[in-house]
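Because only heavy atoms are used, hydrogens play no part in the values below, and waters and symmetry mates are left out as well, while side chains stay in.
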2 protein chains.
Amino acid sequence: MKSSGGGRPNRITIRDVAADADVSVAAVSKVLREAYGVSASMRSKVHSSMAKLGYRPHTAARGMRGQTFTLGLILPDIRNPFFADIIAGFQDGLEGTQYQALIGINRSTSMVEEGLVDSMIDRQMDGLLIVGANDHEQLIAIAQRKPLVTIGNHHASNEVYDTVNNDDDEAARLAVRHLVDGGYRNIAMLSLITDSTIIKERERGYTDEMNRLGLSRFARIVRSDQLQSSVQNAARAILTGPDRTEALFCWTDFIALQVIGVATELGLGIPDDVAIVGHDNTMYCDFGQNSLTSVDQSGRLLGLEAARRLIERIKGRQATEHYLVSPRLVVRRSSVRNILTEPAAAL
Amino acid sequence: MKSSGGGRPNRITIRDVAADADVSVAAVSKVLREAYGVSASMRSKVHSSMAKLGYRPHTAARGMRGQTFTLGLILPDIRNPFFADIIAGFQDGLEGTQYQALIGINRSTSMVEEGLVDSMIDRQMDGLLIVGANDHEQLIAIAQRKPLVTIGNHHASNEVYDTVNNDDDEAARLAVRHLVDGGYRNIAMLSLITDSTIIKERERGYTDEMNRLGLSRFARIVRSDQLQSSVQNAARAILTGPDRTEALFCWTDFIALQVIGVATELGLGIPDDVAIVGHDNTMYCDFGQNSLTSVDQSGRLLGLEAARRLIERIKGRQATEHYLVSPRLVVRRSSVRNILTEPAAAL
DNA sequence: TGTTCTACGTGCATCGTTCTATATTTCAGC
DNA sequence: GCTGAAATATAGAACGATGCACGTAGAACA
């Protein structure tokens with residue numbers, strides 16, 4: 001009479017739990033959803049039945065009616081180890097909640113593949129975190145369908161979705177200021193051909209700070225795509241010839257490391273002939289052959305704050321929030337003249 | 001009478017499509033699933049209605065009855081850019097199918113977090129690809145619940161799940177042979193403290209090849225964990241002292257690059273004082289300051305083959321398959337004595 | 001003691017598919 | 001034109017949760 005018959009031996013359903021705990025199915029559901037109107041005794045009774053039977057809610061069934069407790073995380077490509085920090089931070093932010101993150105890789109550049117977003121919405125995900133996409137129109141459209149937070153998308157004035165960002169403007173300023181403090185004046189920036197707002201912010205910070213310090217005559221932005229050959233050509237152009245630069249701020253470490261390679265092959269000393277500063281402070285910066293000064297943006301913090309905001313959104317917050325993380329500069333040998341190896345290693 | 005009333009304006013369901021195409025709901029479902037017993041005219045009629053209405057199947061609803069066309073991809077951590085290739089290959093393998101990959105990051109080391117697997121199974125994923133996990137018992141248990149393929153797990157004799165692997169034994173042999181051909185004899189291996197079968201295979205290949213070439217007196221495996229300080233200590237131990245090595249095979253590029261850093265700081269010339277060979281042939285190998293010889297395992301191919309096999313499995317294949325990809329060595333300056341910079345660059 | 005209010009529980013319709021069992025159509029062979 | 005088999009289409013019952021609308025018990029108040 002208790003159980004609905006010994007039919008299939010397979011899945012433990014909410015019905016089995018209800019029967020075991022001797023309460024209604026709806027009551028179990030309430031406990032599950034931490035909904036209003038459940039007494040403590042009922043809660044503990046149900047919990048112990050769930051544990052005893054090894055019950056696990058069927059996400060698809062939940063998805064048909066309510067939430068799935070699944071959050072979609074869309075990343076552009078995953079080669080930059082910096083993204084691993086975002087993921088880790090995001091997962092940290094989900095710790096202790098019922099939410100699970102599932103990641104999709106977006107193969108297009110500035111937009112988000114419609115198919116990927118659709119597929120996450122089809123799968124009834126409760127909210128989306130999109131990293132690195134910039135198509136504002138598209139993001140607004142997505143935000144109308146699901147709670148949305150973005151990272152790496154400087155449209156901070158919008159009223160539709162939350163943004164979490166590194167202060168990329170400040171990042172470039174930090175790099176310029178540091179180089180100027182070290183006596184460099186002819187400072188160029190190696191940037192990316194893109195419509196990414198991150199890059200635009202970095203370029204803006206670079207230009208503004210050069211102007212502010214009265215160095216506008218040296219300001220020079222060279223843009224390249226990400227192909228190894230393009231990067232190397234750009235680097236050679238900047239590092240050779242009569243107007244070669246004294247110092248170079250690169251939009252990301254991966255590029256900066258290539259520049260170090262090119263400079264080495266050109267027989268240029270770093271930092272004596274040319275100083276180099278990167279961005280992201282990836283682990284490779286620390287290796288002896290690189291020792292690359294770099295701007296650190298805490299991916300972990302970005303991910304964590306994004307998780308927090310996304311959950312708030314799902315729980316009903318309406319007002320938009322825009323959060324900016326301050327970067328910090330990690331100085332290494334690539335940008336500091338006249339430091340001997342020994343004392344530097346002792347630090 | 002046709003439509004079920006103008007109730008909610010929201011979602012286009014299979015019912016709306018059926019009404020529009022003037023056929024039964026079941027017929028539409030059959031078209032969707034490419035099931036047997038659908039005439040060409042019916043198929044095209046239904047397809048055009050779907051396109052016209054912009055119908056998208058509701059994955060949660062599908063999950064309640066049949067498949068979700070979602071595949072779970074579990075990765076260990078994502079810092080090694082090599083994983084990006086696996087993902088890309090896997091997605092390539094899904095191109096043109098209805099399947100979508102969703103990725104979960106496993107934070108534990110050799111095992112798979114139970115929570116992650118459970119959550120993918122709760123979400124009714126049709127199959128799982130697990131990369132880098134080694135707990136055979138656990139994998140067998142998982143395979144009993146869902147179609148399973150693994151990458152980076154050398155339990156090729158099992159009869160329960162498919163494996164796709166780099167030939168890690170051969171990878172180490174390639175490295176040793178190359179170094180011996182170049183005149184090196186005292187060749188050590190820098191390995192990892194782990195129970196990963198990948199690493200065990202590489203160690204076996206190294207040891208066997210050293211023995212085969214009569215160099216067993218030089219064979220020496222030093223194991224370290226992944227902490228930067230541990231790696232550097234291990235590198236120093238191998239590179240200094242009376243029994244310092246002439247050549248070093250490192251289990252992965254990231255470690256090899258750190259060794260290059262340590263060697264540089266010790267004032268050792270590469271490759272004249274010590275030759276270094278890495279594994280994975282990540283993009284960093286190519287940079288001038290590294291120019292690291294490395295064993296290339298095609299992550300793309302691994303991912304592609306895994307996707308193919310997983311889908312076959314889902315479609316009902318019972319027999320187990322174990323696929324091995326042959327690695328190839330990419331030679332750069334770090335392991336070849338007496339090559340001038342100029343001719344090498346000209347290659 | 002009767003009335004109102006609140007907190008807690010419950011029954012049942014519902015979500016959008018799949019799939020079984022059954023009905024209908026088509027057509028070759030006579 | 002009839003028969004039966006093969007091919008194609010259909011109705012409707014699941015699947016496992018959620019959450020509305022409602023019922024009930026007991027406390028609070030007069």
Those residues that, when tested against Val38(B), pass side chain to side chain contact (heavy atoms under 4.5 Å, CB included) (two or more places apart): Lys30(B), Val31(B), Met42(B), Arg43(B)
Test: Arg62(A) cationic atom under 6.0 Å from Phe69(A) six-membered ring centre, within 45° of axis: no
Closest nucleotide among dG16(C), dT18(D), dC19(C) to the Ser29(A) side chain: dT18(D)
Residue mapping more 5' on DNA chain D - nearest nucleotide basis, Pro57(A) or Val38(B): Val38(B)
Between dC15(D) (P) and Ile14(A) (CD1): distance, integer Å: 15 Å
Whole angstrom value for the distance that separates C1' of dG16(D) from CD of Gln124(B): 10 Å
Sugar-phosphate only, base, or nothing, as touched by Arg43(B) at under 4.0 Å among non-hydrogen atoms: nothing
d(CZ, Arg123(B); P, dA17(D)) in whole Å: 13 Å
Under-4.0 Å side-chain N/O to phosphate OP1/OP2 contact, Thr59(B) with dT17(C): no
Out of dT10(D), dG16(C), dT18(C), whichever nucleotide has its closest atom nearest the side chain of Ala27(B): dT10(D)
Arg15(A) side-chain proximity, nearest of dG16(D), dT17(C), dA11(D): dG16(D)
Closest to side chain of Thr13(B), choosing from dA17(D), dT17(C), dA9(D): dT17(C)
Arg65(A) (side chain) and dT14(C) (base): donor-acceptor pair under 3.5 Å: yes
Phosphate OP1/OP2 of dT10(C): any Ser24(A) side-chain N/O under 4.0 Å: yes
Any Tyr55(B) side-chain N or O less than 4.0 Å from OP1/OP2 of dT17(C): yes
Lys30(B) NZ to dT8(D) C1', straight-line distance once rounded to whole Å: 7 Å
is_close_aromatic(His136(B), Tyr161(B)), centroid dist under 6.0 Å: yes
Phosphate OP1/OP2 of dG9(C) contacted by Ser39(A) side-chain N/O (<4.0 Å): yes
Gap between atoms CG and P, on Leu32(B) and dT17(C) respectively (whole Å): 8 Å
Interatomic distance, Asp16(B) CG vs dC15(C) C1' [rounded to whole Å]: 13 Å
Whole-Å gap separating P (dC15(D)) and NE2 (His58(B)): 19 Å
Out of dT17(C), dT18(D), dG16(D), whichever nucleotide has its closest atom nearest the side chain of Ala61(A): dG16(D)
Close side-chain approach of Gln297(B) and Phe82(B), heavy atoms under 4.5 Å: yes
Side-chain heavy-atom pair Leu139(A), Ile130(A) within 4.5 angstrom cut-off: yes
Pairwise 5' ranking along DNA chain D for Ala26(A) and Met64(A), keeping only the more 5' one: Met64(A)
Sugar-phosphate, base or nothing in reach of Val23(A), heavy atoms under 4.0 Å: sugar-phosphate
Between P of dA9(D) and NZ of Lys45(B), the distance in whole Å: 7 Å
Near-ring test Tyr55(A)/His47(A), centroid separation under 6.0 angstrom: no
